[in-house]
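Quick notes on the structure that follows.
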There are 2 protein chains.
Amino acid sequence: MSPTVKGPSPGPRPPGSWPPRTAYPASDMAEHFLPIDAHRPRLADEVYRQLVDALSDGGLRPGDRLIQERIAEAMGVSRTPVREALLRLEQERIIVPGNRGGFIVRAASENEIREIYETREAIEGYAARLLAERGDETALSLIDKAIDEHSTQAHDTAHEGYLANKAVHRAIVRATGNTQLVGLFDAVWDRSVAVLLYADLHRITEAAFEPSHEELLDTFRAGDPDRACTAMIEHIRVGLAEQLSIHDPSKARYETP
Amino acid sequence: MSPTVKGPSPGPRPPGSWPPRTAYPASDMAEHFLPIDAHRPRLADEVYRQLVDALSDGGLRPGDRLIQERIAEAMGVSRTPVREALLRLEQERIIVPGNRGGFIVRAASENEIREIYETREAIEGYAARLLAERGDETALSLIDKAIDEHSTQAHDTAHEGYLANKAVHRAIVRATGNTQLVGLFDAVWDRSVAVLLYADLHRITEAAFEPSHEELLDTFRAGDPDRACTAMIEHIRVGLAEQLSIHDPSKARYETP
DNA sequence: TCTACGAATACCGAATACAGTATATGGTAC
DNA sequence: GTACCATATACTGTATTCGGTATTCGTAGA
């Protein structure tokens, strides 16, 4: 049975792999050197990154058909890494197999957008609850810092506004210290790549909503988990209403209770 | 631009593809035939299924090394579908690349188990909140039914007890009607495949906890979202404490407030 | 003009081949 | 006994090929 491996740093490397031997005691080496990811970069990862970038900046749109051979030719690689990247997007439900070959970029329905916003309510509402329960001022000051960084920053494009908003919300979830929760947050926002294609989501700046980002932070500091959770949920529901009203103004602004 | 495709049923098939033509008016055909998934089954999916089964029934354990060529030989296929299945498991962080080739089955740390339980609190706590907000008796009766089915059923193995518990909790999330939330639920429980390998999770029957499944349902019916949410969170925290106490009895049973 | 059928085309999934990389092993010198 | 070096081995990632399947196209016949 092979030894258990903990993660991408598979263990101490033999001394021969290190820079020229010095007088450091072995126990001090970890303080002076960083672990090196020994695993080979994969072309499939780069293909994936480019596809995701194209999806999020409008280069690829719902209904577009992605053909393995053509992408491979365009990127100057073989079909294999392209296929691997596409299968990954398929797992993430961003694309679906077409009936005449190829994968089709999937559009998000309005109902799906509602559901995605609800999953945000679950994750970010829970994060708000945890932060209010704990009242850890160090964690909360990191959120404060993220809010400052991203509200004063000039947004040259609406896409940057979207990224800034995401960064604040991500900082909130990160402040819980739960990496699994951050992973779910990322999965949900990455799925919103398809959502982006439905509407110009990045035109919305949730920072302008009530309760605002600053007000949310106040609820965390107030120490009432229920109140913090419901405030976050309200904030997100305002965002949803705004999102839906872009295409249909009859979906009025959400009235907070 | 190709037409937008909605899902695995890409649209009406030309009549020529159907069984011998009958006298049905075209508008009636949908009542008599079911859509057929036109997409080819992939070997990679079957490989994946077998690997996940082996992970969940103990055939594969943390630290085990998965070699593409060997699995391919054992399953009588080429390396390609094996690789695709393994890359999928890698994306799901169930396995990590080893430093001498192969992929290693990853073990879940205690901290990771805590975090996974917290993500359950986020998802299932939110589901509880939604159900209490809505008070939809049709949805709640489905949960009632799931509880009945799975509490009276004889559990021949502890693994079946685990599956029964999962089914009840999944029914709760499904009752929200939010498929994205169900997707997250499945992702979290599927990640717990690795958790299974850490401890005999399936020895725990959360149905025996307080608040019990029945009591949770009562909180949904009572119509207080905050109360329903916190009851679910308590239930899950009891489960975590029990889970951790299997290996270390000093981690005492969680005291509900 | 419409329908049916066969051939062509487009694309995918899987198998196979090739090249690169990291580790293990064996031999040799000190 | 230890360190170093060359070679072998094990495995991966990618490229290429092959065969299958679904759609499209062209043509013949009614």
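Below, read A as the first sequence line, B as the second, and so on, with proteins coming before strands; counting in each chain starts at 1. Small disclaimer: the values here were computed from a predicted structure and weren't measured.
Both tests pass for A:R120 against the ring of A:Y117: distance under 6.0 Å to the centre and angle within 45° of the axis.
Here the P atom of nucleotide C:dA14 and the CG atom of B:L87 are 14 Å apart, to the nearest Å. C:dC12 atom P lies 13 Å from atom CG of A:N99, rounded to whole Å. In this entry the distance linking CG of B:L86 with P of C:dA14 reads 14 Å, nearest Å. One interatomic measurement links the two molecules: CZ of B:R42 to P of C:dA15, which rounds to 14 Å at whole-angstrom precision. Distance CZ (B:R79) to P (D:dC11): 11 Å, rounded to an integer number of Å. Atom CG of A:L43 and atom P of D:dT16 are 12 Å apart (whole Å). The separation between B:I104 atom CD1 and D:dA10 atom P is 17 Å, rounded to whole Å. Rounded to a whole Å, the CD1 atom of B:I67 is 13 Å from the C1' atom of D:dT9.
For B:R65 and D:dC11, the shortest distance from a side-chain N or O to OP1 or OP2 is below 4.0 Å. Taking 4.0 angstrom as the limit, B:R70 places none of its side-chain polar atoms (N or O) nearer than this to OP1 or OP2 of D:dA10. Contact check, B:R100 against D:dT9: no side-chain N or O comes under 4.0 Å of OP1 or OP2. Between B:S78 and C:dA15 there is a side-chain N or O to OP1 or OP2 distance below 4.0 Å.
Residue A:L51 is tested with A:I95, A:L60, A:V82, A:I94 for a side chain to side chain contact (heavy atoms under 4.5 Å, CB included); the sole match is A:L60.
When each of A:E69 and A:G101 is assigned the nucleotide of DNA chain D bearing its nearest heavy atom, the one mapping closer to the 5' terminus is A:E69.
With salt bridges taken as basic N to acidic carboxylate O contacts below 4.0 Å, one links B:R88 and B:D45.
Closest heavy-atom contact between A:V105 and A:R61: CB-O, 3.4 Å.
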